[in-house]
Amino acid sequence: MEENNDHRRPEDDYDLNKPVVSSPAAATGLRRNLTSYGDAHFSLFLRKAFIKALGYSDDALSRPIIGIINTYSSYNACHANVPNLIEAVKRGVQLQGGLPIDFPTISLHESFAAPTSMFLRNLMSIDTEEMIRAQPMDACVMIGGCDKTVPAQLMGGISANKPILPLLTGPMMPGSYRGQRLGACTDCRNNWAKYRAGEIDIEEISAINEELAPTSGTCGVMGTASTMACITAALGLIPLRGASAPAVSSTRLRIAEETGANAVAAAKAKRTPQEILTKESFLNAITVLQAIGGSTNGIVHIMAIVNRHPKLQGEITLQTFDDIGRKTPMLIDLKPSGENYMTDFHNAGGMLALMHTLRPLLHLNAMTITGKTLGEVLDESPFKSFPFSTQVIRPLSDPLYPWSSLVVLRGNIAPDGAIIKASASKDRRLLRHSGPAVVFENIADMTARIDDPDLPFTPDSVLVLKSIGPVGNPGMPEAGLIPIPRKLGRQGVQDMLRLSDGRMSGTAGGTIVLHISPESALPESPFGIVRTGDVITCDVEARKLQLEISDEELKRRIEERRVIQSEKMRIEYAQRGYRGLYLRSVNQAQDGVDFDFLTARGATRS
Ligand code: FES
């Protein structure tokens, strides 16, 4: 039973004959999560003494407390608007009679985290969970945006299980170079490939660099940040327009104010993520992922998020993504699969228009953070399409790609699965292809040899990169977009079948098979035994990824490398600090690359 503090006088807090709280679970506001001094009255007395140094009155301190996670960092341009968002959230909280208190957690930017931001995602999720658990708050607004921040916050927030309200920083505006629109980071990669192939010179690439990220905010295409924003909206945790309103828009600030107000209501109703997020919520999120042609990283993040939920263990697997893909067309014409930018998606109606279009495929009974079902939210906000909206957000009858933008492959080198973003293939013939492998054992090997004119590359070659999986290269780098060898690039080859156990940026495109599992670093990995000259077959329609050797030969090669690979990993696992913890604890791509001990299955904690 929740405490009722309405008639409590400030001095009652120090009355030794009255309990501070009837039970820890019933505590609210400042009485939550008291620091342990062995004397609850003293703990509260001390807490109030210190917070009063910040000028708070007893009236303010009696209100529901809304924590606001501040992920501002001068390294992180994707989060540059966080200070303004915090002010707007505070306004929304105060208008509803709550007390907003902001606090910092780790901030991660893709280009400023070595070895990768993914290496630190789980650390950020621990930071998020533990700070929500440790500090007194009745709900928490989690401000994030850049690729790994939103998944980290959702993972930590679901584990902490207080009411959580994500608030996205929003996408950046597109730039322009000689009349052509540009946006990070699809156009970063396209133009870099042109530069490598000698199509543009050093002056042009320098000028383009000035325009790729012209404002603050997250990457302006359907990369991982935009994908996670759409998924968060599909889960019902943010207002629908909150997925796409530009970072620099006044709409973004109004969404922040609304989020603050929603947080007070969610706190009062004790609307926790483990209560409102159901299997249906995640099925909706995966339907949206397929319909937007979202980032392959979205699959890893959704698996990590869902595996934090104690009631959803085993309910969603890689197979779920493939099953939903088979009945979900891709509707959004955004880069890297299409032509437009996130601002276009927003102007076309954004998630509201998309959810209305997808309505026949959605579970409308899924709950949202507002306490209304998705169906009720859509009923209250009708959307009438117009020519531009159907150009960017296609109707079900005229999709951009008929089905399965994201496909799960299996075969003898990927018994636990692999992913391909079929809609981003630049040469669709490669979606059914057999060719001889050219194998790189790791990133250093690839960097040293990819442009070697003597390597036996042809346009039919299958480029294979090993040792970029979760353990093999901690953080599972986004190196799956193996560059086209320069000698082929200069002949006009723009796409090749490429395979790895790593990830790829959501902003990248090509015929790229990723997340091959179990990864090559593991002693028992069949992917680890692929050699240059082996023939590999990929058949997306048949969901097949096969190394054309006999089962006996496959087993013989695995046995041949098992001992040496086991010894190598034993030395790796013995490393100190966070890196050692990561190596010993991280699970495989199909489980979300989370730490085993953080998953709901890992251990129980109240
Ligand atoms: Fe932050 Fe792309 S670098 S979203």
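Both counts, for ligands and for their atoms, begin at 1 and track the order of listing.
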- Verdict with supporting geometry, Y341 and D187, side chain to side chain donor-acceptor pair (under 3.5 Å): CA-CA 11 Å; Y341 294 88; D187 298 321; 2.6 Å; yes
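Among the atoms of C146, an N, O or S atom falls under 2.8 Å from atom 1 (Fe) of ligand 1.
In terms of protein heavy-atom proximity, atom 2 (Fe) of ligand 1 is nearest to C219 SG, 2.2 Å.
Atoms of ligand 1 found under 4.0 Å from any heavy atom of C78, numbered from 1 in the order shown, are 1 (Fe), 3 (S), 4 (S). Contact atoms of ligand 1 toward A225: 4 (S) (distance under 4.0 Å to a heavy atom of the residue). Residue E110 has at least one heavy-atom neighbour below 4.0 Å for each of these atoms of ligand 1: 3 (S). Each of the following atoms of ligand 1 lies closer than 4.0 Å to a heavy atom of D147: 2 (Fe), 4 (S).
Just one of T224, T116, T218 meets the side chain to side chain contact (heavy atoms under 4.5 Å, CB included) condition when paired with D147; it is T224.
Taking the charged nitrogens against the carboxylate oxygens, R308 and E129 do have a contact shorter than 4.0 Å, which makes a salt bridge. Note on E110 versus K148: salt bridge recorded, some NZ/NE/NH1/NH2 to OD/OE distance being below 4.0 Å.
Checked by atom type, the side-chain pair R189/S505 shows a donor-acceptor distance below 3.5 Å.
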